[in-house]
Amino acid sequence: MAFGPFLLLALMEGLVTSAVLALAAAGLSLVFGVMRVVNVAHGAFFMLGAVLAWAVATFVPGPPAVAFIAALAIAPLAVAALAAAADGLILKRLDYDPEATIVATIGLLYMIEQAALSLYGPNANPVQAPFEWRIQLPWFGYSGYKLFVVLAAALVLLALWAFMTRTKAGLIMRATQVDRTTARAFGINVDRVYMGTFALGAGLAALAGVLIVPISQAHYLMGGDPLLLSFIVVIIGGLGSLRGTLIAALVIGLSDGVISMFFTPTLAKILATLLVAMVLVFRPQGLFGAKA
Amino acid sequence: MAPLIETRGLTLYFGGLKAVDGVDFSLNPGEIHALIGPNGAGKTTFVSLLSGRRLPQSGTIRLAEEDITHLPAHARVRKGIAYTFQITSIFPRLSVFDNVALAVQSHGARDLAAKTRAALTRVGLQGLEEQEAQTLAYGHQRLLELAMGLALNPRLLILDEPTQGLAASEIEGFKALVASLVPQTTVLLIEHNMEVVMDLATRITVLNFGQILATGTPAEIRANPAVQEAYLGA
Amino acid sequence: MKVWLLHLVLIAALFAAQFLLSPYHATNLARIMVLAVFAMGYNLAFGYTGLLSLGHALLFAAGMYAAGLSAQILGLTAGPALILGILGGGLLAAAVGLLALRTAGVSFMIVTLMFAQAGYLTILYFGATTGGDEGFTLPAASRSIAGFDLSTDTPRFLAALALFGAGLLASLAIVRSPFGRTMVAIRENEERSRMLGYNPFAIKLAALVISGLYVGAAGAAYALLFGYAGASFATIQYSILPMLYVLLGGAGTTLGPFLGAALMFALIEAASGLTSAYLFFVGAALVALVLFAPKGILGTIRERWVKWLP
């Protein structure tokens with residue numbers, strides 16, 4: 001294959017990574033933005049989404065498309081419910097202290113991963129894509145499902161944006177983000193906003209997990225990389241900025257696709273993690289965030 | 001006599017707000033100098049510039065002829081500028097002894113216990129050494145804050161609204177204590193209680209909108225029409 | 001005085017324990033003591049200075065590989081290899097600190113986490129030398145100190161005890177010194193400390209380097225006493241473990257790290273008899289600790305009953 005088509009393929013793969021990453025990172029960014037909580041269990045929610053999608057697909061009879069649609073609805077809701085419970089039982093009692101919540105979500109991560117290992121097992125299992133359709137380009141064929149993932153992620157993010165900017169609930173969330181004491185004084189039930197935000201963030205991660213499963217299989221340790229990459233995206237994009245998160249997801253996803261096509265992935269990851277650390281040290285507002 | 005502290009054209013704006021606007025100010029060694037002015041006049045910002053908690057946009061600060069404009073706060077403390085906080089800032093979970101010992105040992109750990117007890121005795125907190133600082137009554141916490149400032153053995157002690165929240169009886173004791181500090185130590189006092197200011201101060205500087213409105217003895221300040229209009233006469 | 005006595009009694013009791021325990025349990029106790037040194041180092045940074053690092057696995061691995069690779073490649077024996085390990089931990093702590101200490105709080109946690117992750121990936125990247133995930137076994141000849149073979153039970157136990165005892169007494173001396181008081185002051189009120197003439201950055205850096213020396217020593221000792229070095233010791237799990245030990249035993253107490261390491265080790269040992277899901281207990285313990293006992297066991301005991309506990 002010539003260099004041009006090779007690069008095109010790398011970019012298309014990168015776009016799929018970007019789309020899934022943008023979903024997961026938007027959830028992380030939302031939770032950090034509104035609640036000032038760094039959710040280390042975010043990758044575990046992603047993994048749960050994928051594993052639940054497998055479970056639904058296995059137990060729901062009928063054609064793959066039906067099972068997949070069921071998974072798309074059930075898995076994010078179940079994970080969101082779990083997250084809401086974790087918020088009420090743990091995070092709220094810690095009064096959302098930033099450092100204590102990190103320790104607690106690390107504990108949550110361990111519990112979820114171990115539970116997945118015990119109940120689901122150590123194997124990676126595939127889920128059949130809802131449709132088999134290949135786009136035949138002049139140089140190579142490409143999975144239509146992957147393009148569907150990109151489209152679906154774009155739609156969800158658009159809906160999220162509309163929700164945050166156009167609805168009353170979104171306004172309340174943004175008000176809480178700016179100042180939780182004042183929000184409370186204006187009669188906003190901050191506890192409920194936080195629980196909703198944490199559930200929404202986890203639901204977005206789970207949705208990303210469901211979408212990725214037909215491409216990369218469900219495995220109990222699959223949450224590690226998305227967690228790390230989401231961190232990278234959120235930090236590069238500017239902590240708590242949704243727009244910065246999207247731009248960063250695109251940049252990181254595309255460059256990840258291209259770099260891992262041409263370089264060893266380990267070296268790319270080393271450079272990426274060091275870059276993130278340096279951004280936090282020298283440009284804490286992020287590369288795309290406004291100067292504080 | 002050369003001034004202990006001298007500022008020239010000291011300026012700090014917050015956006016469009018001129019918090020400190022071209023202030024030329026000097027402190028004579030051994031005086032008690034009060035800094036007064038309406039709320040928002042820039043008093044606390046001005047002493048933050050002196051103590052190094054903020055850096056000025058322009059202008060210079062000299063301590064005994066030495067330029068300290070760009071020195072970080074902790075280095076200025078070591079050169080003898082001590083600052084006590086407007087809002088009591090102690091180590092709440094450490095013992096009273098440890099609070100003051102931290103001030104003593106920052107300039108050498110010799111005779112640590114004796115020097116610490118001496119500073120506590122000076123403000124009248126002897127006997128409370130082992131108590132946790134956050135369990136002290138509010139007035140005692142203010143005194144602890146003062147003891148920490150004294151234990152630094154400063155050339156200049158900046159007191160930011162030290163009598164705020166104290167009972168009348170406590171204020172009397174406080175006045176006697178501050179009066180006993182000079183002339184070994186120079187005192188710069190931000191204070192709203194005019195009685196305290198008039199009783200203690202050798203000189204007074206009035207700040208308004210970040211600029212110096214007047215400087216003089218208590219009698220001169222009381223007689224100054226501009227000051228009366230801006231501040232006292234209200 | 002009674003404080004020093006208490007610590008000496010613990011060391012003496014541990015010395016006596018080797019005659020009472022089976023070789024299997026004695027080896028476990030040696031492992032606990034080395035892990036306790038790791039936790040003591042973490043405690044000096046987190047418990048006393050308030051630096052919540054998520055990257056101490058990097059320093060542990062630095063000690064482990066500095067000792068392990070110098071034994072493997074240069075053929076050093078345990079003594080010099082241990083010294084290299086200690087230096088490795090301290091130097092890396094200084095390098096990380098110079099950058100990471102420009103941040104605080106949550107950013108500090110993430111920056112240290114990222115550095116540790118980069119370190120872990122670096123070990124994998126140089127897999128030809130480090131053995132990557134597989135790791136490598138230390139040459140038998142290197143595992144000796146002053147003629148004693150550290151791969152045998154009694155010398156191994158005594159070497160672990162010597163390191164632990166020295167580390168414990170040194171940490172007691174540090175936290176009771178004026179410098180120890182300064183570390184706590186930074187934790188309690190950084191701005192006030194600055195206005196008492198302390199440079200917070202310099203003090204935090206010093207505390208982190210001391211922490212790195214401890215953790216490097218623990219990593220080196222782990223490799224030399226148990227004969228193995230591997231990339232798994234550089235993973236995030238090994239940054240979380242010392243935090244867990246310290247939280248359980250009591251952050252900011254000198255004996256907390258040992259107590260936490262011993263209890264957690266025993267808990268995992270007991271749990272792994274029942275189920276292989278030991279990570280679940282680690283997770284549950286973390287959540288329970290931050291929720292119900294943020295001061296840990298000794299922290300609570302000190303608050304309620306024994307005020308003089310260091």
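- At a 4.5 Å heavy-atom cutoff, the contact between B:Leu94 and chain C is made by side-chain atoms alone.
- Listed by sequence position, B:Glu145, B:Met148, B:Leu152 are the residues of residues 139-161 of chain B in contact with chain C, using a 4.5 angstrom heavy-atom cutoff.
- Using a 4.5 Å heavy-atom cutoff, the side chains of C:Thr253 and C:Leu259 are not in contact.
- Among residue pairs with one or both ends in residues 111-131 of chain B, those qualifying as side-chain hydrogen bond (donor to acceptor under 3.5 Å, both in side chains) are B:Gln131-B:Thr135; sequence neighbours excluded.
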*Does the ring pair (Phe, Tyr, Trp, His ring centres under 6.0 Å) test come out yes or no for B:Phe46 and B:Phe25, once each step is laid out?*
CA-CA 10 Å; B:Phe46 177 69; B:Phe25 173 83; 5.2 Å; yes
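- A heavy-atom distance below 4.5 Å is not found between the side chains of B:Leu49 and B:Leu55.
- For B:Arg93, the salt bridge (Lys or Arg N to Asp or Glu O under 4.0 Å) test picks out C:Glu188, with sequence neighbours left out.
- Using a 4.5 Å heavy-atom threshold, the side chains of C:Leu168 and C:Leu10 count as touching.
- Chain C is approached within less than 4.5 Å, heavy atom to heavy atom, by B:Val77, B:Arg78, B:Tyr83, B:Thr84, B:Phe85 from residues 75-88 of chain B, ordered by number.
- For the pair C:Val215/C:Met40, no side-chain contact is recorded, criterion being any heavy-atom separation below 4.5 Å from C-beta on.
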*Given the rule in the salt bridge (Lys or Arg N to Asp or Glu O under 4.0 Å) test, do C:Glu191 and C:Arg194 qualify, once you have shown the distances and angles that lead to the verdict?*
CA-CA 5 Å; C:Glu191 185 55 20; C:Arg194 189 197 313 278; 3.2 Å; yes
*So B:Arg8 and B:Glu6, salt bridge (Lys or Arg N to Asp or Glu O under 4.0 Å) or not? Walk me through it.*
CA-CA 7 Å; B:Arg8 283 275 167 269; B:Glu6 191 173 30; 3.0 Å; yes
*Could you please spell out the steps behind the ring pair (Phe, Tyr, Trp, His ring centres under 6.0 Å) verdict for C:Tyr42 and C:His56?*
CA-CA 7 Å; C:Tyr42 189 80; C:His56 264 54; 4.9 Å; yes
